Amino acid sequence: MYILDEVKNQIRLGVRAAIDKAVKAGELPEAMLPDAQIPLEVPREEAFGDWSTNIALTSAKVARMAPRQIAEIIVKYLETEGTYIAKVEIAGPGFINFHLDPRWLTRVVVDIERCGANYGRVDLGKGQKLQVEFVSANPTGPLHIGHGRGAVVGSVLANLLAAAGYDVQKEYYINDAGNQIKNFGLSLDARYRQALGQDVPVPEDGYHGEDLRELMAEVAAEHGDYYLSLSDQERQELFIKMALERKLNDIKNDLAEFGVTFDHWFSESSLHESGAIAETIKQLQANGNIYEADGALWLKSTAYGDDKDRVVIRENGVPTYLAADLAYHKNKFDRGFDKVINIWGADHHGYIPRMKAGVAALGRNPDDLEVLIVQLVNLIRDGQPVMMSKRTGKLVTLAEVIEEVGKDAARYFFIMRSADSHLDFDLNLAAAQTDENPVFYIQYAHARIASILRQAAELGIIPAGSHPQAAGVNVQLLETPSERALLKKLAFWPEEVRIAAANLEPHRIARYAHELAGLFHSFYNAVRVLTDDPQLTAARLVLVEVTGVVLRVVLEMLGISAPERM
RNA sequence: GCGCCUGUAGCUCAGGGGAUAGAGCAACGGACUUCUAAUCCGUGGGCCGUAGGUUCGAUUCCUACCAGGCGCGCCA
């Protein structure tokens, strides 16, 4: 347990006991006995203390008493002996505000030293098995900027949930089947024949990217017109197989360079080949969730909240994308995941009700599937939106953006806004090596920490290669406002992990990083670490050290590097 | 037409039903003989899209409307 939780427990238990006593004394009605946890919040104003409860306000109605009166009775019976509660006040309409003895803050140093890189891990997930599926871009072309956002949101979310005590698996679903693949084959064929000098257009709804032109030019250069001797179908199947492998490999490389890795790559076509789709349809039929109409098989998704029923097997006998997705999600749950989280682009949000309906039809609680929608990204260059068109293949690729602004800046920009907010990605700002760029602000804090520790070693204050330790150091000397503010922020890291994980809000981690860095910079400017007072120096070095530990934990979660020098 | 997301400072955005709504950037004024000035300190800047409702209390929840984005296939 972290000191933060210990303090919150002290307050909660104290308030609960006070209410108990007041009820026994007949000063508060029985109805006041709380059946849930005492609500605690951090007041906006520092003057209102460290923690505050609105229990008197929320229970006023059931107690049939004025909130302030309830608060006064609770405070009267509140025992604070042996706790970190230093002062209790009633304020405003009936808030009970708790001011803590600042000595609680120095306990955080011990927590961080004890936990090291594990500091902030919490047991929200209790080991539940959970899958995060993200990116899952069609392997028919390069990743673009929109995939980048999903990739970072997914990878940070996975890190976050792991830190919150879930057993997390990251998965990429490879859409290597269906009509689009057929189109892909036609496009490849057209490019091949173009390379041989034939006047063959790429199909209107095909893939027009330059990457395919180059790829097939290579093939033509190497093998000439050999492939024309095959049947159209044979040739296209061969091209598809070859190109999918190439493209998937490119995607893997792009993602790896972006710090995004997966535990499992799942092929859609494997569902067709293994008979999993047929089996899933059979199960749905047995459940009475499938009917036949117009020569096709339909999923009765309206029975589970969708606004229309959906075709799963077409008139021509070919399964739809949804059929494969049903089989895929059945497979996920069969693998024993308690919950699966899909990260989709905003252009797929209309698909959620039918997918949830499908999950329900398969006999699973639809809430076990959580779909996180990531809104679209607008690229901005020189203050103007960068025009992108998928049809003409004029996309800004992820690789280009990383090339232009660097991995760290790109990751930070993709994660710094909440997923459901549209994101303006300002290329000039992300590439700027100036104070306008927030990612450097955070990294600079880490570089400064490293620099101070280097200095301390050079001056012989700490042995070279060692880290400042709290043992024998009087950390109570950390008592200036900037030191306390920094310690408090460090103490809240586990809480931040808990909240961000519970709400699936990885962007909060980016905010925390920025705020922590800001408090360190303030501290750095407010006081000197290396002074001629050995005790004070030792205490501040410990603070610098543990700040560095936490900053690295946070940056690691974000997948952003923590430079020793800048 | 229906559905989802968004609307908060000049710009980009935070804000777990609470108290006097915040941050970064931009603007303005200060701080480098001192551990890295990619930093810090300070100032100004707001009908929280509009109108209702629920609540002791709404930027937060609900409804309607307005504006922007994205969807609404036997495509994926």
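Within every chain, numbering begins at 1; the chains are lettered A, B, ... in the order of the sequence lines, protein sequences first and strands thereafter. All figures in this text were calculated on a predicted structure; none of them were measured in a lab.
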> Using centres under 5.5 Å plus planes under 30 degrees as the test, is A:F48 stacked with B:A19?
Replying inline: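 Yes, A:F48 stacks on the base of B:A19, since the ring centres sit under 5.5 Å apart and the planes are within 30°.
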>> Looking at B:G18 and A:F95: do their rings stack (centroid distance under 5.5 Å, interplanar angle under 30°)?
In response: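 The ring of A:F95 is not stacked on B:G18.
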For [X] and [Y], does a side-chain donor sit closer than 3.5 Å to a side-chain acceptor?
| X | Y | value |
| --- | --- | --- |
| A:Y412 | A:Q443 | no |
| A:Y321 | A:N175 | yes |
| A:R417 | A:H422 | no |
| A:T531 | A:T537 | yes |
| A:Y304 | A:N289 | yes |
| A:E41 | A:N54 | no |
| A:T480 | A:E483 | yes |

> Where does B:C11 land, syn or anti, given syn is within 90° of 0?
Replying inline: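 What B:C11 shows is an anti base, its glycosidic angle lying more than 90° from 0.
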>> Output one letter per nucleotide in nucleotides 53-62 of chain B: B when a protein non-hydrogen atom lies under 4.0 Å from the base, S when only the sugar-phosphate is that close, - when neither is.
In response: --SB------
> If the sugar-phosphate is the primed atoms plus P, OP1 and OP2 and the base is the rest, what is the B/S/- string for nucleotides 70-76 of chain B, using protein heavy atoms under 4.0 Å?
Replying inline: BSSSBSB
Take the protein atom [atom1] of [X] and the nucleotide atom [atom2] of [N], then report the distance between them rounded to whole Å.
| X | N | atom1 | atom2 | answer |
| --- | --- | --- | --- | --- |
| A:E564 | B:U36 | CD | C1' | 14 Å |
| A:L372 | B:C5 | CG | P | 12 Å |
| A:N503 | B:A14 | CG | P | 14 Å |
| A:D424 | B:C25 | CG | P | 18 Å |
| A:I380 | B:A26 | CD1 | P | 18 Å |
| A:E515 | B:G24 | CD | P | 10 Å |
| A:L486 | B:C40 | CG | C1' | 15 Å |
| A:M416 | B:C25 | CE | P | 12 Å |

Mind checking if [X] touches a base, just sugar-phosphate, or nothing, with heavy atoms under 4.0 Å?
| X | result |
| --- | --- |
| A:S451 | base |
| A:A526 | nothing |
| A:A502 | nothing |
| A:V527 | base |

For [N], does OP1 or OP2 lie under 4.0 Å from any side-chain N or O of [X]?
| X | N | value |
| --- | --- | --- |
| A:Y441 | B:C40 | yes |
| A:S52 | B:G18 | no |
| A:R540 | B:C35 | no |

> More than 12 heavy atoms of other residues, nucleotides or ligands under 6.0 Å from CG of A:N316: is that the case?
Replying inline: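 It does: A:N316 CG has more than 12 such atoms within range.
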>> For A:Q535, I'd like to know if atom CD has over 12 heavy atoms of other residues, nucleotides or ligands within 6.0 Å.
In response: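 Open: at most 12 neighbouring heavy atoms sit under 6.0 Å from CD of A:Q535.
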With [X] via side chain to side chain contact (heavy atoms under 4.5 Å, CB included) - residues at least two apart:
| X | answer |
| --- | --- |
| A:L376 | A:A346 |
| A:D306 | A:S301, A:R310, A:P353, A:R354, A:A357 |
| A:D294 | A:W298 |
| A:S451 | A:R454 |

Whole-Å [atom1] distance, [N] and [M]:
| N | M | atom1 | answer |
| --- | --- | --- | --- |
| B:C32 | B:C40 | C1' | 11 Å |
| B:A27 | B:G68 | C1' | 28 Å |
| B:A23 | B:G42 | P | 10 Å |
| B:G45 | B:U50 | C1' | 23 Å |
| B:G3 | B:C65 | P | 9 Å |
| B:G53 | B:A67 | C1' | 23 Å |
| B:G69 | B:A51 | P | 24 Å |
| B:C48 | B:G10 | P | 12 Å |

>> Need to verify one output field. Residue with the more 5' nearest nucleotide on RNA chain B, A:Y444 or A:S418?
In response: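 Taking each residue's closest nucleotide, the earlier one in sequence belongs to A:S418.
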Between protein and nucleic acid, restricted to nucleotides 41-46 of chain B and to nitrogen or oxygen atoms under 3.5 Å apart, what atom pairs and distances do you find?
| unit_1 | atom_1 | unit_2 | atom_2 | d |
| --- | --- | --- | --- | --- |
| B:C41 | OP1 | A:S522 | OG | 2.9 |

> Given that both pair distances must be under 3.5 Å and the pair must be Watson-Crick or G-U, what runs of three or more consecutive pairs involve RNA chain B?
Replying inline: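 Paired runs of 3+ in RNA chain B: B:1-7 with B:66-72, B:10-13 with B:22-25, B:27-31 with B:39-43, B:49-53 with B:61-65.
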> Among B:G15, B:A14, B:C40, which nucleotide sits nearest the side chain of A:R508?
Replying inline: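 For the A:R508 side chain, the nearest candidate turns out to be B:G15.
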> Taking the side chain of A:E41 as its heavy atoms from C-beta onward, which of B:C35, B:G18, B:C13 lies nearest to it?
Replying inline: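 Out of B:C35, B:G18, B:C13, the nucleotide with an atom closest to A:E41's side chain is B:G18.
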Identify the pairs formed between an N or O of the protein and an N or O of nucleotides 7-9 of chain B at a distance under 3.5 Å, and give each distance.
none

> Is the shortest heavy-atom distance from the side chain of A:K356 to the side chain of A:L369 under 4.5 Å?
Replying inline: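 Counting from C-beta outward, A:K356 and A:L369 do come under 4.5 Å.
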>> Just so I know, are the side chains of A:W344 and A:Y351 near enough to count as touching, which here means a heavy-atom distance under 4.5 Å?
In response: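 When only atoms from C-beta onward are counted, A:Y351 and A:W344 do touch, with a gap below 4.5 Å.
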> Which of parallel (below 30°), tilted (30 to 60°) and perpendicular (above 60°) describes A:Y207 and A:F184?
Replying inline: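 Taking A:F184 first and then A:Y207, their aromatic rings stand perpendicular (interplane angle over 60°).
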>> Going by the rule side chain to side chain donor-acceptor pair (under 3.5 Å), which residues pair with A:S267 if we only count those two or more places apart in sequence or in a different chain?
In response: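 A:D176, A:S269.
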>> If the condition is side chain to side chain donor-acceptor pair (under 3.5 Å), which residues does A:D533 pass it with, not counting sequence neighbours?
In response: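 None.
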With a 3.5 Å cut-off and sequence neighbours excluded, list the donor-acceptor pairs that the side chains of residues 511-518 of chain A form with protein atoms.
| unit_1 | atom_1 | unit_2 | atom_2 | d |
| --- | --- | --- | --- | --- |
| A:Y512 | OH | A:K489 | O | 2.7 |
| A:E515 | OE1 | A:K489 | NZ | 2.6 |

